[in-house]
Amino acid sequence: MSWKDNIIKQLGRLNPRLLASVEKGMRAIPGVSQMIEGEYAEIMVELESSAKPYKNKFTSFTQIPDTGRSHTDILRDMEAMRAQEESHWKEGFVSGAVYHGDQEHIDFLNQVYAINSQSNPLHADVWPSATKFEAEIVAMTGNMLGGAGRDVCGTLSSGGTESIMLAMKTYRDWAREKKGITKPEMIAPITAHAAFDKASQYFNIKTIHIPVDENFRADVNAAKKAITANTIAIVGSAPSFPHGAIDPIEELSEFARQHNIGFHVDACLGGFVLPWAEKLGYPVPPFDFRLPGVTSMSADTHKYGYAAKGTSVILYRGEELRHFQYYTSTEWPGGLYFSPTFAGSRPGALSAACWAALTAIGAEGYLTATKKILETAAVIKNGIREIPELRVLGDPLFVVAFDSESLNIYKVLDYMSHKKWSLNGLHKPTCVHLCVTLRHTQPGVAERFLADLREAVEHVKQYPEEKGTMAPVYGMAATLPLRGMVSDLLKKYLDLIFKA
Ligand SMILES: *Cc1c(COP(=O)(O)O)cnc(C)c1O
């Protein structure tokens, strides 16, 4: 073991609070901080070439050009970049990301976008078409998720993260007004999406994390123990992003109802899969507004709703709750101002494309798509189970996470990357997942995935000492006890992303 690894191991034994202060103290030592900066710079140089492949291939701009470029030149460059990027996701090498992706569907959505490109729902008087589309998207989604005949309403948002953040802000303001809670807390399984933690940081809500069981489902007893007089809401996922596990929604719903606190079901990923899976006869536990304790849900139209990127639906039980999401200003010299979500102006064309996707695909289309996805996911899941070195985590429907007891799974991930695959590397516990989309239902894709995976496992078995490219970075990021350093690295990476 190197001295660095040894220090990391020792530090890993300290408690996190103490560790954070040790880290702060260490970095205050001038030499240490310089050394760390040096190491960061080295890592960033390595990452730059992969993050910026077009550096010397296309004209770059850091100032607006004196005379405008020709449309032909701009379109030519963009077509060239598209040609570089498209086959990767189109041929089904990418986990999640593009959920539909058939050319005919893309062309149709683009046509809809073109018709509506100037539309802005902020100006409801100018574009009543946009408000029609948005109201109907919310109604269709609500009815699909058990809202039929119940008092379910909602709004459109820009994506899952915004839907979740809006819900948490709503609960914070609801609990302040209705219960006088000024130090709000929410209870969330460790597997709940990072957007909940983001909401907690943005809106000053304390998160009480609860563990998950051996099948990666939230521990209901831990939730019961975590409740205090300041609890405003509980969170459950249907299913979770990391392992595709559906939390015990029914139990959590009942518990939340008894305590009169909010219960948000994050169906960002599963909202447009589970209702159809249920109709197809798959074992889907109750997870939506049919459960009386469910007070809000997020469902991403831009994932399995097959809309273009940039839309999601946030639903509430009752208009009273939804009112806590809205913003109104009655004193601004700019006039009476009000908006339902974080944005002011919004892309009406994306709402139009979303409405077009839902209505063009229809229930039959969603059923067919879901059937194909779940069948492909089953092939992949069973194929992984047949590889003795690998283990599928839990019993997922369409997000298949796997790890290995005998091999470094990040090295397997590395090998898969060399075979063009973009899978998700996860940690706590260390594993890899594939989120199955319509892209993977194309003939031969699941078989190609399994063949490449078997090859990857054989390779790592044969050369366990080979370092790999990203495996050490993943490994370090997952195990390094100095989380402040990992966080710094992520911020530097974002700086790199925005470096022209
Ligand atoms: C994707 C996802 C989100 C966040 O959605 P974005 O659209 O990326 O902001 C939240 N929860 C789950 C379970 C998700 O899969």
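All heavy atoms count here, side chains included; hydrogens, waters and symmetry mates do not.
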- Does any non-hydrogen side-chain atom of Phe287 lie less than 4.5 Å from one of Pro248? no
- Query: Are Ser237 and Ile246 close enough that some pair of their side-chain heavy atoms sits under 4.5 Å apart?
  - Reply: no
- Output for pair (Met168 CE, Ser298 OG), nearest 0.5 Å, gives 8.0 Å
- What is the minimum heavy-atom distance between Leu350 and Thr311, and which atoms define it? O-CG2, 3.7 Å
- Task: Indicate yes or no: at least one non-hydrogen side-chain atom of Leu426 is less than 4.5 angstrom from one of Val432.
- Result: no
- Looking at Arg217 and Asp247, does any basic side-chain N land under 4.0 Å from a carboxylate oxygen? no
- Query: Side chains of Asn382 and Glu386: do they bring a donor and an acceptor to under 3.5 Å?
  - Reply: no
- Message: Between His302 (side chain only) and Gly310 (backbone N and O only), is there a donor and an acceptor less than 3.5 Å apart?
- Response: yes
- Note on the structure: Residues Ala299 and Phe272: closest non-hydrogen pair is CB-CE1, 4.0 Å
- Query: At what distance, to the nearest 0.5 angstrom, does OG1 of Thr161 lie from CG of Asp300?
  - Reply: 8.0 Å
- Query: Quick one: does Lys198's side chain get under 4.5 Å of Phe203's, heavy atoms only?
  - Reply: no
- Message: Looking only at the side chains, is there a donor atom on one of Ser163 and Ser312 sitting less than 3.5 Å from an acceptor on the other?
- Response: yes
- Note on the structure: Looking only at heavy atoms, the pair that brings Leu274 and Ala238 closest together is CD1-O, 3.6 Å
- Message: Taking CE in Met81 as the centre, count heavy atoms belonging to other residues, nucleotides or ligands within less than 6.0 Å. Is the count above 12?
- Response: yes
- Do any N or O atoms from the side chain of His259 and from the backbone of Ile261 form a donor-acceptor pair under 3.5 angstrom? no
- Query: Yes or no on salt bridge (Lys or Arg N to Asp or Glu O under 4.0 Å) for Arg385 and Asp395, after CA distance, side-chain angles and deciding distance?
  - Reply: CA-CA 11 Å; Arg385 283 185 178 142; Asp395 191 20; 3.1 Å; yes
- Would you call Glu48 and Lys52 a salt bridge, using N to O less than 4.0 angstrom? no
- Minimal heavy-atom distance between Arg454 and Ile387, with the atoms involved, is CG-CD1, 3.7 Å
- Message: Does this structure show an ion pair linking Lys420 with Asp452, if we count only N-O contacts that are shorter than 4.0 Å?
- Response: no
- Message: I need the Leu166 CG to Tyr171 OH distance, nearest 0.5 Å.
- Response: 12.0 Å
- Item | From Thr301 atom OG1 to Tyr99 atom OH, the distance as rounded to the nearest 0.5 Å | 12.0 Å
- Query: Salt bridge check: are Glu79 and Arg76 linked by an N-O gap of less than 4.0 Å?
  - Reply: no
- To the nearest 0.5 angstrom, please state how far the CE atom of Met416 sits from the NE2 atom of His459. 13.0 Å
- Message: I'd like to know if the side chain of Ser200 and the backbone of Phe196 have a donor-acceptor N/O pair within less than 3.5 Å.
- Response: no
- Item | Closest contact, heavy atoms only, Thr430 versus Ile409 | CG2-CG2, 3.5 Å
- Item | Crowding at OH, Tyr202 (>12 non-hydrogen neighbours, <6.0 Å) | no
- Task: Could you tell me whether the side chains of His264 and Ser296 share a donor-acceptor contact shorter than 3.5 Å?
- Result: yes
- Heavy atoms, side chains only, cut-off 4.5 Å: are Val212 and Asp219 in contact? no
- What do you reckon, is OH of Tyr463 surrounded by more than 12 foreign heavy atoms closer than 6.0 Å? no
- Query: Is Lys411 salt-bridged to Glu466, going by a charged N under 4.0 Å from an acidic O?
  - Reply: no
- Message: Using 30° and 60° as the class boundaries, would you call the ring planes of Tyr304 and Phe398 parallel, tilted or perpendicular?
- Response: perpendicular
- Task: Run through Val294, Val235, Ile187 and flag the one making a side chain to side chain contact (heavy atoms under 4.5 Å, CB included) with Phe263.
- Result: Val294
- Message: How about CD on Glu104, more than 12 heavy atoms from neighbouring residues, nucleotides or ligands closer than 6.0 Å, or not?
- Response: no
- State, without any angle test, whether Thr370 and Tyr282 hold a side-chain donor-acceptor pair at a distance under 3.5 Å. no
- Query: Has Tyr493 got more than 12 heavy atoms of other residues, nucleotides or ligands less than 6.0 Å from its OH?
  - Reply: no
- Item | Between Ser422 and His88, a side-chain donor and acceptor under 3.5 Å | yes
- Query: Can you tell me if Ser157 and Thr341 form a side-chain donor-acceptor pair at under 3.5 Å?
  - Reply: no
- Query: Side chain of Lys309, backbone of Ala97: donor and acceptor closer than 3.5 Å?
  - Reply: yes
- Roughly how far apart are Thr376 OG1 and His440 NE2, rounded to 0.5 Å? 9.5 Å
- Task: Would you please indicate if the ring centroids of Phe93 and Phe449 are separated by under 6.0 Å?
- Result: no
- Non-hydrogen side-chain atoms of Glu254 and Glu251 separated by less than 4.5 Å: no
- Query: Would a 4.5 Å heavy-atom cut-off, applied to side chains only, mark Pro429 and Phe216 as touching?
  - Reply: yes
- Item | Heavy-atom pair with the smallest gap, counting every atom of Cys435 and Leu269 | SG-CD1, 4.3 Å
- Is any NZ, NE, NH1 or NH2 atom of the basic residue among Glu375 and Lys372 found under 4.0 Å from an Asp or Glu carboxylate oxygen of the other? no
- Compare all side-chain heavy atoms of Thr191 with those of Phe241 and state whether any distance is below 4.5 angstrom. no
- Query: side-chain hydrogen bond (donor to acceptor under 3.5 Å, both in side chains) with Asp102: which of Lys90, Gln442, Arg439?
  - Reply: Arg439
